[in-house]
Student: 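What follows is a single structure, and I will ask about it in a moment.
Chain naming here is simple, since letters A, B, ... match the order of the sequence lines and numbering starts at 1 in each.
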Protein chains: 2
Amino acid sequence: MASEHDGGGDPGRTLALLWRGRTAAGRPPGKPVKGRKPRIGVDQIVHAAVAVADAGGLTAVSMARVAEQLGVGPMTLYTHVPGKAELIELMVDAVMTERELPGPGHPARPAGWRAQVEHYAAQTRALHVRHPWLREVSTARPPLGPGMMAEYEYLLSALRDAGLPPSQMFAASGTIVTYVVAAARQEAEDIQIEQATGQTWDAWWGERRHLWDEHFDADAYPTMTQVWLDGGFDDAGDDDTSTEDPYMYGLQRLLDGIEAATRPPRASRP
Amino acid sequence: MASEHDGGGDPGRTLALLWRGRTAAGRPPGKPVKGRKPRIGVDQIVHAAVAVADAGGLTAVSMARVAEQLGVGPMTLYTHVPGKAELIELMVDAVMTERELPGPGHPARPAGWRAQVEHYAAQTRALHVRHPWLREVSTARPPLGPGMMAEYEYLLSALRDAGLPPSQMFAASGTIVTYVVAAARQEAEDIQIEQATGQTWDAWWGERRHLWDEHFDADAYPTMTQVWLDGGFDDAGDDDTSTEDPYMYGLQRLLDGIEAATRPPRASRP
DNA sequence: TCCTATTTTCGTAGGGCATACGGGAATTAT
DNA sequence: ATAATTCCCGTATGCCCTACGAAAATAGGA
């Protein structure tokens, strides 16, 4: 019955772990000093788990394997982390904070809201390339840690500069995150499959070229056939700059649309 | 070492299974008539597996459970499908064909390319709501069956009507699929988590309201705080139509951008 | 120094998973 | 009736998460 999301644990404890006990006042609560000294800590566990996932994907992350990396028994981890689900939450938020998302006033902050969104997209894409296992984790109930907060703080500050009214900020930021994360995940999937199977996209298609001879009926798919004959499936040629990287093409179209919606306040529905 | 994608099997056999032995000429190759009569067939296995996944998610799909549904032993399935990975491919392509995507000339086909893309989006969203487990399957190496072919045939025919040059069709269709599928998956995740844990989005947040008191530092996230104070996170009110469903807002912005890019053939880069 | 409270460490054990292998059962052709 | 062919499935292996409880290590107080 139990699916990927158990959530059986205490949310308060998970939050405290995500923020490493830091409270709003900046005061970590006092720790007891008695008892056996811990050989390992949360940070080391999360770091080891990320290393395992980077190398072998999420399926390679077993409590046994992470513990082995640290030279302790598997059950030792349960002293520091409630369970595997919570460990994965910690992993996600930890790598999220790897992104550099400079706020207003910071010298490294790009100028203009479009450049800022593009910076966010590039950082997010790089993050997924670095940690392809991110795509295997559901973010419908995101880890409410510093990493996720930084993402929204940055994105909202960029859209604020774009002149969006507060009522549209929610929809616009959600849309941008949806598209950018989806594109990043696609790239991550590709990398992950290639490193898991050792097979490139072209090799994979080559193994299935058979499809066209045996099963594909050109009459049943006239448009595909026509576009193929027109060269629509050719790789991006240097002679035609409009045959762009689909990712960048889509991001620019989306930002165009958002920009157009802010400028003239005309009604959008006829 | 082996990840989610083994692909160890024979691609030709999987293709034949996806197309159920139908060749381009429409002739299924002759079948031998000797031997014991099969109690079950591929269609029944796929149907049962989809039912199991609909009820309990992809993790509930085990060979044992699917076999149980059919009243046979687990190992019996291996007579008809090469393995679990291939069974999942068959499941995905099977449900993909559930979408109604009427081609040119069909009476049910919407008029205008935007309406056609919106129809595709609605059908895809409904598909994911019906089968939330789709979001757990990687589509980086999609099943090359009738379902996927129908998707691209429809989308390309719509974009053709939009007047896109062949060189942009690839990027535009890829972008639309990326956004629409990502949004559909998000909705599917929500449904899946709610039916798995019995916990709504609001209840989940309620369990974590603690976050704001204990860990959230308003000074560290000034924009979020300001937007919250401006009411940017309020639920969509009936009085303000611009506070739209993020999904529809994003789709319209994306289509606006694509439309604008086709109309005036001006250079996009300064 | 010894006792005691406290904390960390981890061995064992139980239930589930995919699937290689090979023997037995059912059906048709000869 | 016999042989050929196909389908069905019991068994066995190795991996996973984690509940439970005992053993080990540490600190302060006497």
Student: Would you say Arg65(A) reaches dC16(D)'s phosphate, i.e. side-chain N/O to OP1/OP2 under 4.0 Å?
Tutor: yes
Student: According to the salt bridge (Lys or Arg N to Asp or Glu O under 4.0 Å) rule, which pairs have a member within residues 36-55 of chain B, sequence neighbours left out?
Tutor: Arg20(B)-Asp43(B)
Student: Residues two or more places apart in sequence or in another chain: which of them pass salt bridge (Lys or Arg N to Asp or Glu O under 4.0 Å) with Glu98(B)?
Tutor: Arg130(B)
Student: Partners of Ala94(A) by side chain to side chain contact (heavy atoms under 4.5 Å, CB included), sequence neighbours excluded?
Tutor: Val46(A)
Student: Give every donor-acceptor pair under 3.5 Å between a side-chain atom in residues 209-220 of chain A and any protein atom, sequence neighbours left out.
Tutor:
{"unit_1": "Arg209(A)", "atom_1": "NE", "unit_2": "Gly206(A)", "atom_2": "O", "d": "3.0"}
{"unit_1": "Arg209(A)", "atom_1": "NH2", "unit_2": "Gly206(A)", "atom_2": "O", "d": "3.3"}
{"unit_1": "Asp217(A)", "atom_1": "OD1", "unit_2": "Asp219(A)", "atom_2": "N", "d": "3.2"}

Student: Applying side chain to side chain contact (heavy atoms under 4.5 Å, CB included), can you list everything that pairs with Glu153(B), at least two apart in sequence or on another chain?
Tutor: Tyr221(A), Pro222(A), Thr223(A), Met224(A)
Student: Show every ring-ring contact (aromatic ring centres under 6.0 Å, His included) that has at least one partner inside residues 130-151 of chain B, sequence neighbours left out.
Tutor: His131(B)-Trp133(B)
Student: Mind checking what makes side chain to side chain contact (heavy atoms under 4.5 Å, CB included) contact with Ala203(A), not counting sequence neighbours?
Tutor: Gln199(A), Thr200(A)
Student: Does Ala140(A) offer a backbone N or O that forms a donor-acceptor pair with the side chain of Glu189(B) under 3.5 Å?
Tutor: yes
Student: Taking only residues two or more places apart in sequence, or in another chain, which ones meet Glu151(B) in a salt bridge (Lys or Arg N to Asp or Glu O under 4.0 Å)?
Tutor: Arg99(B)
Student: Closest approach to the side chain of Lys34(B), judged atom by atom: which nucleotide of dC17(D), dC17(C), dT5(D) is it?
Tutor: dT5(D)
Student: Quantified as the angle between the terminal helix axes (five pairs each), what is the overall bend of the helix from dT1(C)-dA30(D) to dT30(C)-dA1(D) to 10 degrees?
Tutor: 20°
Student: Output yes when at least one side-chain N/O atom of Lys37(B) is less than 4.0 Å from OP1 or OP2 of dA26(C), else no.
Tutor: no
Student: Just N and O in the side chain of Lys84(B): are any of them under 4.0 Å from OP1 or OP2 of dA18(C)?
Tutor: yes
Student: Which ones in residues 39-51 of chain B lie close to DNA chain D, meaning a heavy atom under 4.0 Å from one of its atoms?
Tutor: Arg39(B), Ile40(B)
Student: For DNA chain C, which residues of residues 66-81 of chain A approach it to below 4.0 angstrom with any heavy atom?
Tutor: Val72(A), Gly73(A), Met75(A), Thr76(A), Thr79(A), His80(A)
Student: Nearest whole Å is fine: how far is dC16(D) C1' from Leu58(A) CG?
Tutor: 14 Å
Student: Which residues pass the side chain to side chain contact (heavy atoms under 4.5 Å, CB included) test with Asp93(A), not counting sequence neighbours?
Tutor: Leu18(A), Thr97(A), Pro143(A), Pro146(A), Met148(A)
Student: With a 3.5 Å cut-off and heavy atoms only, can you find an N or O donor on one side and an acceptor on the other between the side chain of Arg36(A) and the base of dT8(C)?
Tutor: yes
